[in-house]
Amino acid sequence: MLALRPRLASKLSAWLALSPATTILVVVYVGCTAWTVWISMTASRMLPSSTFVGLRQYDALFANERWQISVSNLVVFGVLFMIASLVLGFLLAVAIDQRVRAENVLRSVFLYPFSMSFIVTGLVWQWLLNPTYGIQAVGRGFGFETFRFDWIVRQETVIYCLVIAGVWHAAGLVMAIMLAGLRGIDEDIWKAARVDGLPPWRVYVSIVIPMMGASFATAAVLLATSVVRLYDLSVAMTNGGPGIASEVPAKFVMDHLFERQNIGLATAAATSMLITVAAVVAPWIYIQSRRRRAA
Amino acid sequence: MVAAVEPAGPRPRPVTPARVGLYAFLVITALFFLTPLYVMLVTSFKTMPEIRQGNLLGLPAEPSLQAWGHAWSAACTGLACNGISVGFFNSVKILVPSVIVSIAVGSLTGYALSFWRVRGASALFGALMIVAFVPYQIFIYPLVRIFATIGINNSIPGIVAIHTIFGLPTMTLLFRNYFASLPIELFKAARVDGAGFFRIYSSVMMPMATPMLIVAVILQVTGIWNDFILGLVFAGRENLPMTVQLNNIVNSTQGERLYNVDMAATLLTALVPLVVYFASGRWFVRGIAAGAVKG
């Protein structure tokens, strides 16, 4: 009996220690998600309502021009941002891995933007891309009178400005992940390849890249989650403009919650975002858990 | 691309075209990464007449700290013209308790999940890893309603709770993985000596976890300082963090825009994460790597 008591106390303590996490999981992560999904199926507008309307909010959402633009912007941004960040990050990691001088300085230079916020990133690039004083003015100052780089004020091109700023912010992160992956590759592979007379680029394409699947997957998932969360950058750089040309889904939700006071539409948009994330992350989690079970 | 196959150790390296191309690539990308920081710096030291002359990249003709002083104590957000210092101190007020509470809860959860065989522990951990990917927009409306009901909406306790909630998955992962790597004999020995749940946590495990503590502090300080959306929604008008105030100063100015003040304010906001980044060096990368393996 006496021996049992401290064990029981410890068990209770463990439960107690896990209670904040359990509460957060149940109330916030599960409860609030269910609440949001439920509201998205009601007739709520400015005030919450409990009238069930099925998927009517979703009909309205996908007929909404601003939502359509937000979604297509997210696709364009997501594809370009991820490809550019992965390619540039990987190339930087390979370049740094060639035993270059000043490796530490270079790594710091490539990674420092990632330590700063998207607000700072957006504001700097807004200034650099300003047609009157920014890069366009520099080009013209060099004597190219017709040099044109006014993407940020044109509706068709503004989304590429967000891509440039996003890649500047995130490529260093990819580089850090890839460099860790490259350094983890067995040196013997390089020796074997040299004995076989393979040129280094062949070794990278045929052997190293396939071996770095895990690094690519990690980087891709991290980038993909930041794509769906994309909000601050659009707010700081263009505030969705010109017009509504650089709106994104997260901003659609926030604006409809707080400025336009349309809770039903906002929660339908948020739920659509959740479904998108689930479609991206679920296969990855499935593969990871299978790999872990196999190991 | 030639050098990667070389074995370790110094050896004379011929200057090959490939080597030149490698350095050219690294230098050009480094310039792309450094230009925004350089432009921010020189712009912030210029006067407005000089900025209007163009020459984005030129050094300031008469370097002046006037814009910095104005940004710190006199820049306007809406009607109030008290500078970004208000936001700085708000961010500090949010940052300190949020970092402490989120790390305390996360480390305790990670500890309980790694050494104590609690029923449902692995389910709780798995669920926390999955919900880390859910976009914030899903939770915002229900959380605002819950916080308003319990009276912590628009307050420092409210925003601290929010950072604890959304920091929980990463913090738990960080500490659980670290504790899982410690030898189990350590834990058993403490048990034999009669230490209970909280005693082992505070006297044995946390002192051992100093490296993870440093990583966690770096992650949380930069993450919370850079946060925009959560501070905007949950901190309340009196406590808006620096990022929100910076965006207001730059993007909702009436009348002529003072680009030098904007850039000084932007640099001031970026200063804390930049100092953390450059002071912590490899720890920052370690934090990214540790946070990157979630899922």
Side-chain angles (χ1 to χ4, degrees), chain A residues 6 9-10 13-14 17-18 20-22 24-25 28-29 32-33 35-36 92 95 97-100 106 109-110 112 115-117 119-120 123-124 128 133-134 137-138 141 173 176-177 180 190 194 200-201 218 222 225 228-229 231-232 236 239 250 253 257 263 267 270 273-274 277 281 285 288, chain B residues 1-5 22 25-26 29-30 33-34 36 39-40 51 54-57 105 108-109 112 116 118 124 127-128 130-131 133-135 137-143 165 168 172 196-198 222 226 228-229 243 246-247 250-251 259 263 266 269-270 273-274 277 285 288-289 292-293 295:
Chain A
S10 282
S13 308
L18 286 177
T22 315
I24 289 173
L25 182 72
V28 178
Y29 286 114
C32 290
T33 305
W35 191 349
T36 294
L92 286 174
D97 202 33
Q98 309 300 313
R99 297 178 191 190
V100 294
L106 284 169
V109 165
F110 297 138
Y112 87 90
S115 72
M116 300 193 294
S117 70
I119 297 294
V120 168
L123 295 178
V124 181
L128 285 166
Y133 300 112
V138 173
L173 166 73
I177 295 171
W190 287 107
R194 205 153 53 125
W201 68 268
T218 303
L222 279 182
T225 42
V228 182
R229 287 187 171 167
Y231 171 73
D232 319 15
N239 201 18
V253 176
L257 274 183
I263 303 166
T267 49
M273 288 173 67
L274 175 66
V277 174
V281 173
I285 289 177
Q288 289 248 323
Chain B
M1 295 288 177
V2 186
V5 289
L22 174 73
F25 169 67
L26 282 170
T29 3
F33 279 88
L34 282 174
V39 169
M40 268 197 281
I51 290 172
N55 200 5
L56 181 79
L57 300 175
V105 174
L108 194 60
T109 309
W116 296 84
V118 185
L124 177 65
L128 280 179
I130 290 171
V131 294
F133 293 103
V134 179
Q137 279 74 19
I138 285 284
F139 311 114
I140 282 178
Y141 175 73
L143 279 176
I165 288 170
L168 180 67
T172 303
F197 180 91
F198 289 104
T222 48
N226 288 340
F228 174 78
I229 187 169
T243 48
L246 169 70
N247 189 53
V250 177
N251 281 331
Y259 295 108
M263 285 303 115
T266 308
T269 310
L274 279 179
Y277 172 67
V285 180
I288 293 174
V293 290

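All chains are named by letter (A, B, ...) in the order of the sequence lines, taking the proteins before the strands, and each is independently numbered beginning at 1. Values reported hereafter were calculated over all heavy atoms of this structure, with side chains retained and with hydrogens, waters and symmetry mates removed.
Looking only at side-chain heavy atoms (C-beta outward), A:Leu106 and B:Leu26 come within less than 4.5 Å of each other. With contacts defined as side-chain heavy-atom distances shorter than 4.5 Å, the pair B:Ile138/A:Met273 does not qualify. Residues B:Leu246 and A:Val120 have side chains in contact (heavy-atom distance under 4.5 Å, counting atoms from C-beta outward). Using a 4.5 Å heavy-atom threshold, the side chains of B:Phe139 and A:Tyr29 count as touching. Using a 4.5 Å cut-off on side-chain heavy atoms (C-beta onward), A:Pro20 and B:Thr109 make no contact. Residues A:Ser10 and B:Trp116 have side chains in contact (heavy-atom distance under 4.5 Å, counting atoms from C-beta outward). Inter-residue side-chain proximity for B:Pro142 and A:Thr36 is flagged as met; some heavy-atom pair is nearer than 4.5 Å. Looking at heavy atoms from C-beta onward, B:Val39 lies out of side-chain contact with A:Val124 at the 4.5 angstrom threshold.
Here the shortest heavy-atom pairing between A:Met116 and B:Ala270 reads SD-CB, 3.5 Å. Heavy atoms only, all atoms of each residue included: B:Met263 and A:Leu123 are closest at CE-O, 3.9 Å.
Using a 4.5 Å cut-off between heavy atoms, B:Phe228 contacts chain A through both its backbone and its side chain. Proximity to chain A involves both the backbone and the side chain of B:Val134, based on heavy atoms less than 4.5 angstrom apart. Contacts of A:Ser115 with chain B are made by both backbone and side-chain atoms, with heavy-atom separations under 4.5 Å. When heavy atoms are compared at a cutoff of 4.5 Å, B:Val131 approaches chain A by way of both its backbone and its side chain. For A:Ala137, no part lies under 4.5 angstrom from a heavy atom of chain B. Using a 4.5 Å cut-off between heavy atoms, A:Val138 touches chain B through its side chain atoms alone. If you measure heavy-atom distances from B:Phe198 to chain A, the contacts under 4.5 Å come from the side chain alone. Looking at A:Val109, the atoms closer than 4.5 Å to chain B (heavy atoms on both sides) sit in the backbone and in the side chain alike. Contact of A:Val28 with chain B is made through backbone and side chain together, with heavy-atom distances under 4.5 Å. Looking at A:Tyr133, the atoms closer than 4.5 Å to chain B (heavy atoms on both sides) sit in the backbone and in the side chain alike. With a 4.5 angstrom heavy-atom cutoff, A:Ile263 touches chain B only via side-chain atoms. Of the atoms belonging to A:Ala17, heavy atoms from both backbone and side chain fall under 4.5 Å from chain B.
The CG atom of A:Leu128 lies 8.5 Å from the CG atom of B:Leu57; values are rounded to the nearest 0.5 Å. To the nearest 0.5 Å, atom CG of residue A:Asp232 and atom OG1 of residue B:Thr243 are 7.5 Å apart. The distance from the CG atom of A:Leu25 to the CG atom of B:Leu168 is 8.5 Å, given to the nearest 0.5 Å.
In terms of the ring pair (Phe, Tyr, Trp, His ring centres under 6.0 Å) criterion, residue partners of B:Tyr277 (sequence neighbours excluded) are, by chain and number, B:Phe284.
Classification of the B:Phe33-A:Phe110 ring pair by plane angle, with boundaries at 30° and 60°, yields perpendicular.
For the options B:Leu34, B:Asn55, B:Thr172, heavy-atom pairs under 4.5 Å to chain A are most numerous at B:Leu34. The candidate with the highest count of non-hydrogen atom pairs below 4.5 Å against chain B, out of A:Leu257, A:Val100, A:Thr33, is A:Val100. Per-residue heavy-atom pair counts under 4.5 Å with chain A were compared for B:Leu143, B:Ile51, B:Val118, B:Ile165, and the maximum is reached by B:Ile165. The greatest number of non-hydrogen atom pairs below 4.5 Å with chain A, out of B:Ala30, B:Pro36, B:Ala127, B:Ala112, is found for B:Pro36. When A:Ala176, A:Ala180, A:Ala236, A:Gly134 are compared by the number of non-hydrogen pairs under 4.5 Å with chain B, A:Ala236 comes out ahead.
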Start with the C-alpha gap between A:Leu92 and B:Thr29, add the side-chain angles, then the distance that decides, and say whether side-chain contact (heavy atoms from CB on, under 4.5 Å) holds. CA-CA 8 Å; A:Leu92 286 174; B:Thr29 3; 3.8 Å; yes

